[in-house]
Amino acid sequence: MDGSTNSLDDVSAGSSAELPDRMSLMDVRLQAQEDEITLLKSSLADALRKLHVLDQQIPLIKQHLIAVNPGAARSLNQACVDGFSRSSRLSTSSSQDGLHQPVSSSVTNIVGDEYRNKGDSGPKQVPSTHDRATQTEHPPGSSFSGPEKVPLALTRTVQSLSLEDALLEGSALMEETGSKPQCQGSEVEEREEDEGVQKEKENLWSSSVVEEHIHPTTIRSLQQSHQDLNGLTDELPGSSSQTRGSDSPGPPREQGPSPLFPIHEEEKLPLVRRNSERLMKESSDRPKQKLGKKAASSTNLLTRSPSLESRAKELISNAGSQGSSRGRTTQGQSIKMFIRGRPITMYIPSNILNYEDLKMDLPPEKLDLDWVYGYRGRDCRANLYVLPSGEAVYFIACVVVLYHITNRTQRHYRKHTDCVRCLAIHPDKVRVATGQTAGVDKDGKPFQPFVYIWDSTTLATLHQIGLGTFERGVGSVAFSQADGGAFLCVIDDSNEHMLSVWDWAKQSRQVEVKSTNEAVLAVEFNPSDSNIIISCGKSHVYFWTLSAGTVTKKQGIFGKYKKPKFILCFVFSLTGDVLTGDSEGNILTWGKSAADTKTLGKAAKETFQIMRQTRAHEGSVFTLCVLQGGALLSGGGKDRRIIRWSADLAPERECEIPEQFGAVRTIGNVDGEELLVGTTRNAILRGTFSDGFVAIVQGHVDEMWGLATHPFQNIFLTCGNDRQVCLWNSEEHSMDWSTTLEESGLCADFCPNGAVVSVGLNTGRWVVMDLQTRQIVSDLTDGNEQLSVMRYSPDGSFLAVGSHDNFIYIYSVTESGRRYTRFGKCTGHSSFITHLDWSKDGKYIMSNSGDYEILYWDVAGGCKLLRNRYESKDREWASYTCVLGFHVMGVWLEGSDGTDINALCRSHDEKLVAVADDFCKVHLFQYPCPKPKAPSHRYEGHGSHVTNVCFTHSDSHLLSMGGKDTCVLQWRVRGGGGARDGRASASSTSTSSPEPST
């Protein structure tokens with residue numbers, strides 16, 4: 001009982017602790033709903049008031065007709081009774097916004113008739129007709145005679161009479177409920193209704209409008225002026241201009257005096273009124289604040305969103321003025337952007353006087369690929385070779401790297417559109433063949449895989465092989481040897497692993513055949529006979545023979561030897577034997593045996609059988625390499641050993657590579673003594689059996705997300721799902737140190753003093769590490785969900801921690817970044833935190849969340865949510881990494897998904913914005929870029945979604961991080977005429993194949 005009671009007490013205490021947070025969230029959501037209701041009421045009241053004004057136009061027309069021709073008065077009275085009731089019933093469906101209510105067609109016919117027959121004693125009667133060009137309508141009980149028809153153009157002209165036609169320029173109608181107080185800040189926020197709100201307004205209109213006759217209402221007098229009559233008098237006799245707002249112009253008319261007499265305030269006219277006073281009173285009592293986000297079906301990315309009060313003033317006070325632009329205001333002007341149907345409102349800063357005049361240009365700066373960090377060894381084989389030029393050739397992501405071992409420089413072949421999967425060197429040691437995977441574009445359409453053959457000296461593409469032929473990807477490629485490399489063998493990644501042989505110089509396929517449904521790991525031509533091809537993979541070794549355009553397959557016979565699960569690699573010895581390495585740790589020697597005619601008879605054929613089995617490694621044999629003198633090198637998986645064998649497979653020397661680099665994946669021979677070793681943990685080692693091996697290329701081995709650059713040094717830090725935290729030197733292009741944490745690191749940020757760095761983990765825990773000692777100096781936990789962003793304030797006095805539990809935790813920082821004390825918690829987001837930035841004064845925070853929300857926080861005032869977002873429009877930000885905001889609105893494409901952009905970063909000189917998207921691209925925009933469809937330079941190289949980008953402290957370089965491709969690309973910023981740091985060490989020389997950047 002005691003135990004259960006204590007547990008209940010603990011639950012109650014926990015519930016009590018969470019109650020304030022829940023109450024706060026409920027309060028925010030309730031306030032948003034109340035604001036939406038208030039906005040609907042206010043919009044309805046405005047629409048009813050406009051309709052009320054339109055009702056007053058009928059008496060004006062009547063008065064005008066009496067002045068023109070008293071004989072039309074009797075017909076007009078009857079037409080107004082019938083026609084106006086009919087038009088009132090159709091008012092909600094005749095115009096979407098309720099501003100133009102058409103006059104009855106019967107009134108139109110009479111008025112038009114009177115205009116055509118000026119001076120007649122009475123109105124001419126016109127018969128009814130249904131001709132589209134001259135369609136008319138008669139009120140019930142009326143009798144008409146004569147064949148004359150009223151043109152439809154004239155009918156439309158009079159039907160379009162509205163408030164703009166009756167008012168003088170600049171004149172305003174008297175509002176029945178008085179003027180509303182001026183709204184600022186949150187009171188002018190979120191006033192542009194989306195389609196869902198508009199439909200609700202129309203439904204409410206149609207259900208709540210009540211018509212009743214009231215006492216005469218006083219209206220303001222209209223001065224008699226031919227210039228100010230505008231649209232109404234244009235259709236009357238004596239007016240020479242055409243009616244504004246008409247669908248088609250009316251016929252020319254004779255010049256004459258204006259027939260519209262002034263109507264004074266003393267004159268009383270019966271009107272029809274909508275019950276709007278109560279709604280208007282309620283709407284004016286409550287300030288209009290932020291409208292809660294709700295779905296909208298609009299596909300437009302941007303919509304102008306001025307305040308409701310400004311719209312009403314513009315439509316009423318300035319009705320009929322030419323050139324007025326809907327939504328332009330000098331105060332409270334905002335832009336609305338839709339992502340996945342959700343509206344996001346952003347206010348235009350005060351220093352932008354005319355948003356429409358802003359011009360978005362390409363930035364003068366461009367990017368050049370400077371360095372590639374990483375190597376793909378975790379899942380690829382036979383992808384490291386040494387060229388006669390002294391360069392090691394390997395690949396990662398979409399880039400083939402040529403790394404000069406001695407000079408420590410890189411060149412890059414960048415023509416591939418997706419991840420490179422295989423590599424082969426031509427017998428001339430100059431030409432290279434590389435095959436890529438298929439991949440998909442941004443719309444999910446698959447790319448077609450192919451093979452490029454290119455020159456390693458000039459980086460020029462020579463041929464493209466197999467476009468539209470291969471499926472899923474290219475798994476293995478090999479050049480023939482005996483004929484000087486005239487043929488190329490390719491095995492794709494389709495279900496049947498199709499094997500094809502190409503005359504690559506003619507780009508013609510010689511033969512194609514199904515290989516196997518099992519995985520294929522390697523393929524090679526026999527070096528002494530180009531008609532023999534060998535492939536190996538899961539539980540098989542196949543010997544292929546080409547003859548007269550056909551190919552035959554023979555499977556290797558294991559006989560008395562245990563059949564391994566995988567044949568992982570093979571080579572040809574100098575004697576012509578085939579040596580295979582398998583998953584059992586053995587090296588098998590294969591030979592051709594004569595046909596067993598005694599057992600199988602005359603139909604027996606020669607077979608390929610195991611001649612010898614040599615125990616080589618504990619675990620798998622991942623790679624084999626034949627040296628120039630006939631010696632053999634083997635690399636082990638589990639034991640991480642490299643063994644040198646004599647020509648008769650006697651072990652001579654061996655060494656073991658450090659555990660931190662993983663197993664041996666492939667071996668490249670430099671000069672017979674010095675070796676290059678590619679490992680399963682994406683490292684390339686250089687060394688000898690005598691001196692050991694050191695890493696010359698290193699990288700992550702799993703998806704990466706965390707990236708941070710030092711505030712004043714040329715170093716940066718990365719972390720990812722492999723639990724590694726790596727510190728890199730961007731000037732020396734090397735890794736300074738690496739450490740392994742207990743959990744995955746997802747975000748990081750350097751303290752402004754540069755002495756420590758904080759790393760957020762996927763468990764809610766975050767650690768602070770000393771850069772010199774690599775020791776953890778602080779270890780804290782906030783919540784139990786992953787952390788997404790760490791950000792120090794500009795002076796380093798605070799640290800903001802954004803979590804997937806929807807909260808931002810604020811810590812005060814002391815002792816040079818080594819001591820942290822909880823200062824407060826920002827509560828108000830309804831989804832997980834994605835990005836945040838500090839203001840330059842270190843008092844405020846701007847944050848984004850997973851539901852595309854932008855919130856502002858007063859940290860100095862107690863981590864309070866700033867409900868008046870209008871006040872933050874002119875605030876300056878120390879950094880800009882939030883993907884949603886006015887200054888970076890142009891980086892989003894029309895119809896973008898909310899996850900299309902993973903990260904962005906503004907340069908320190910506030911001239912550039914770099915964007916990491918979900919389609920393997922890095923974009924470079926000018927800053928600010930607040931208009932849609934802003935142009936950008938686009939750069940390829942990553943083979944996976946780009947998870948992060950960051951400028952170095954001097955803006956001389958940009959760093960981009962791939963996700964699954966485990967690659968970090970370093971780009972040099974050039975051009976622009978700014979004070980870019982142009983320093984480059986001898987190791988930073990880089991040449992890339994030509995590629996369009998925009």
Side-chain angles (χ1 to χ4, degrees), residues 382-383 385 387 393 395 398-400 402 412-439 441 445-494 496-515 520 522-527 529-535 544-553 940 943 992-996:
N383 60 350
Y385 296 92
L387 301 178
V393 55
F395 58 77
C398 302
V399 184
V400 184
L402 294 94
H412 311 109
Y413 181 77
R414 298 173 53 201
K415 288 296 185 180
H416 284 281
T417 59
D418 214 294
C419 288
V420 183
R421 289 289 310 278
C422 54
L423 172 68
I425 306 298
H426 193 270
D428 63 9
K429 304 297 183 182
V430 174
R431 284 170 285 193
V432 181
T434 49
Q436 71 170 57
T437 189
D441 62 10
K445 182 180 179 180
F447 286 125
Q448 293 178 331
F450 52 81
V451 175
Y452 271 136
I453 299 177
W454 47 280
D455 191 304
S456 62
T457 303
T458 63
L459 300 180
T461 301
L462 304 177
H463 298 282
Q464 185 185 52
I465 302 297
L467 183 65
T469 302
F470 309 127
E471 294 184 15
R472 298 182 184 173
V474 179
S476 302
V477 292
F479 281 104
S480 59
Q481 304 289 325
D483 55 8
F487 296 99
L488 181 73
C489 181
V490 182
I491 297 182
D492 68 10
D493 288 332
S494 63
E496 295 82 10
H497 295 92
M498 301 298 294
L499 183 148
S500 57
V501 178
W502 298 76
D503 184 339
W504 60 266
K506 299 179 180 178
Q507 299 183 186
S508 63
R509 183 175 56 193
Q510 303 298 304
V511 66
E512 183 180 40
V513 65
K514 294 180 180 179
S515 173
V520 178
V523 64
E524 286 287 350
F525 281 91
N526 189 310
D529 188 352
S530 297
N531 290 322
I532 297 178
I533 301 173
I534 298 177
S535 64
W544 306 84
T545 302
L546 300 176
S547 178
T550 60
V551 60
T552 58
K553 177 178 69 173
E940 300 179 347
S992 298
S993 54
E995 180 194 24

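Residue indices begin at 1 and follow the sequence shown.
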Sequence neighbours excluded and cut-off under 3.5 Å, please list the side-chain donor-acceptor pairs for residues 466-474, or say none.
unit_1, atom_1, unit_2, atom_2, d
Arg472, NH1, Asn495, OD1, 2.8
Arg472, NH2, Asn495, OD1, 3.0

Within this structure, what is the [atom1]-[atom2] distance for the pair [X] and [Y], rounded to the nearest 0.5 Å?
X      : Y      : atom1 : atom2 : result
Phe395 : Asn383 : CZ    : CG    : 4.0 Å
His416 : Thr437 : NE2   : OG1   : 11.5 Å
Ile453 : Ile465 : CD1   : CD1   : 4.5 Å
Asp493 : Arg421 : CG    : CZ    : 5.0 Å
Ser535 : Ile491 : OG    : CD1   : 5.0 Å
Met498 : Asp492 : CE    : CG    : 7.0 Å

### Query
side-chain contact (heavy atoms from CB on, under 4.5 Å) between Val551 and Val501: does it pass, once the steps are laid out?
CA-CA 10 Å; Val551 60; Val501 178; over 6 Å; no

Specify the closest pair of heavy atoms between [X] and [Y], including all atoms of both residues, with the distance to one decimal.
X      : Y      : answer
Ser530 : Gln481 : OG-N, 4.3 Å
Arg414 : Glu940 : NH2-O, 3.0 Å
Ser476 : Val520 : OG-O, 4.4 Å
Phe525 : Leu488 : CE1-C, 4.3 Å
Gln448 : Gln436 : O-NE2, 4.4 Å
Asp418 : Ala438 : OD2-O, 3.9 Å

### Task
Could you list the residues that satisfy ring-ring contact (aromatic ring centres under 6.0 Å, His included) with Tyr385, not counting sequence neighbours?
none

### Query
Can you find a pair of side-chain heavy atoms, one from Val513 and one from Trp544, that are under 4.5 Å apart?
yes

### Query
Hey, does Leu387 have a side-chain heavy atom less than 4.5 Å from the side chain of Ser456?
yes

### Task
Go through the steps to decide whether Asn531 and Ser547 satisfy the test side-chain contact (heavy atoms from CB on, under 4.5 Å), and finish with yes or no.
CA-CA 7 Å; Asn531 290 322; Ser547 178; over 6 Å; no

## Note on the structure
Between Thr434 and the options Trp454, Tyr413, Tyr452, the side-chain hydrogen bond (donor to acceptor under 3.5 Å, both in side chains) test singles out Trp454

### Query
Any idea how His463 and Trp504 line up, ring-wise: parallel (<30°), tilted (30 to 60°), or perpendicular (>60°)?
perpendicular

Under 3.5 Å, side-chain donor or acceptor atoms of residues 422-432 against the rest of the protein: list the pairs with distances, not counting sequence neighbours.
unit_1, atom_1, unit_2, atom_2, d
His426, ND1, Asp428, N, 3.1
His426, ND1, Asp428, OD1, 3.1
His426, ND1, Asp428, OD2, 3.4
His426, NE2, Gly484, O, 3.3
His426, NE2, Gly485, O, 3.1
Asp428, OD1, Val430, N, 2.9
Asp428, OD1, Arg431, N, 3.1
Asp428, OD2, Arg431, NE, 2.8
Asp428, OD2, Arg431, NH2, 2.9

